Amino acid sequence: MSDPAARAGVEGAADDEATGRTAPAAPATGRAAPARTRVLAQARFEAVGLLSHGEQLLVSIVLPLLALVALALVDYPELAVGPWDGARRIDVLTPGVLALAVMSTAFTGQAILLGFERRWGVLRLLGTTPLGRGGLLAAKALSVLAVLAVQLVVIGAVAALLGWRPDPFGLVVALVTVVLGATVFALLAACLGGTLRAEAVLALANLVWVLLAAGGGVLLPARVLPEPLALLVGLLPSAALGDGLRTALVDGGVDLRAFLVLLLWGVLAAVVARRYLRWSD
Amino acid sequence: MQDVTRRFGTVNALQGLSWSARAGEVTCVLGPNGAGKTTSVEIATGLQRPDSGTVRVLGEDPWRADPEHRARVGVMLQDGGLPQSVRPVALLRHLARFWGRPADLDALVARLGIDGFAGTTVRRLSGGQRQRVALAAALVGRPEVAFLDEPTAGLDPHSRREVHAIVREAAGAGTAAVVTTHSFDEAERLADHVVVIASGRVVADGTLAEVAGEDGLEQVYFALTDGGAR
């Protein structure tokens, strides 16, 4: 039987002398690599994982590029509507494709990854290493930004070949919009990937991406739709991201309404994720 | 771990659990399925917080312990916790980057025979191969304490013998090795110190000889845990 007074937990190096054994040659401090090293290592590991994953590349680069090229080559449906009436088609189209790319990486990719990492126990194991949960979250954020950078450069380059000429000032606003949108969609990914079974996450994350791509105000501005659908779709985070990027890159302006909609979705998703996210399946 | 309790809904997983492990020894936490072995390991590694009681690992509370503390503790989870789409050596090399001075990875990989399936992704490994990668992940930081949750579950006798040798080696180098198992056979081969758990309570605790007594560990184990198993 145990004697609580004598048993206060796992005893450490102090016992080594008494037992005459040698502890692993290790100092008391500096055993963990510096925080920066740990987070960058994990971020690189995750980014390489995302970029070398075939299905993920399909959603994050190939499908957005297909949408870009296909919609650039045809005249239907009309994209230059509402505030963008009279703008060049490729200039209205490209911001929507960029929004689609943001959603694929920050939402679909992260939700699926999270769902399966919970299933496999990866989150729990990494939580016990010097990286920890905080380091893991930081690394995930960095990896999403790194992958987004690759996507934006590739899509931007192809769009430029097709004649895209963005507003120079708008590029800065667009960058802010992309980071805000990626944050909101990553939080939404945490709500989905952090709560449901991995298979359900896989199905739903892809379904939501396809539905939003088709009718979520991303490629086709919500204003194309008849009322009251236009109003409702305009309140989706996908439409807000698309509109924010279009206003920035076509007009060089700031769409405050879109920012507000994104912020509201972000706060809502953060609250839900904080309340319901589970680290294991 | 002292007077630790943990409830899940109406189930009392741990009911005042007290035990300890010492450096340089293999401590086997032995008990039937559902006795509370995994819960105690998860509490000791900071993955769960006890409802009451005191837990100290290397003198620190593992719940929200800092990275320096986590660097001194190696963990092998029962479900492995390995990402599935990477190759094992690349994964271990990656994990080693979290430590300032990790173990000699090539030696560890060779010792566990992981080089034999280095080109296969974790997803396609057999259960035994995965167990070996997970064990390597627990030892890659040269831990002062290693918590190994059923490290030989599903292994064939050869791999089992190899894992036992590695755990003994780690303890010989001064690590406090904590191994959970439901096999008294394994405890008999491996343990310096045995803690028998049933229904969330410690029912026996001492050296292998003390716990096994004259009747042998098998007899004692069944006597202690019969009726206690859920």
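From a predicted model like this one, the values you see are computed outputs, not experimental measurements. Chain A is the first sequence line, chain B the second, and so forth, proteins listed ahead of strands; every chain is numbered from 1.
Heavy atoms closer than 4.5 Å to chain A are found in the side chain of E42(B), but not in its backbone. Looking at V211(B), there are no atoms closer than 4.5 Å to chain A (heavy atoms on both sides), in backbone or side chain. With a threshold of 4.5 angstrom between heavy atoms, L126(A) approaches chain B through side-chain atoms but not through N, CA, C or O.
Here the CH2-CZ distance, from W99(B) to R142(B), works out to 11.5 Å after rounding to the nearest 0.5 Å.
With chain B as partner, the option from G134(A), P34(A), P130(A) having the largest number of non-hydrogen pairs under 4.5 angstrom is P130(A). Considering only heavy-atom pairs separated by less than 4.5 Å from chain B, the leading option among L123(A), V122(A), V39(A) is V122(A).
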Query raised in the report: Could you walk me through whether K140(A) and E117(A) pass the side chain to side chain contact (heavy atoms under 4.5 Å, CB included) check?
Result: CA-CA 12 Å; K140(A) 283 190 179 295; E117(A) 284 184 342; 2.8 Å; yes
Report task. Please report the C-alpha distance between R7(B) and L14(B) in whole Å, then the side-chain angles of each, then the deciding distance to 0.1 Å, and finally whether the side chain to side chain contact (heavy atoms under 4.5 Å, CB included) criterion is met. Result -> CA-CA 7 Å; R7(B) 273 176 79 95; L14(B) 303 183; over 6 Å; no
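Using a 4.5 Å heavy-atom threshold, the side chains of M1(B) and S40(B) count as touching.
Considering every non-hydrogen atom in both V29(B) and K37(B), the closest pair reads O-CD, 3.5 Å.
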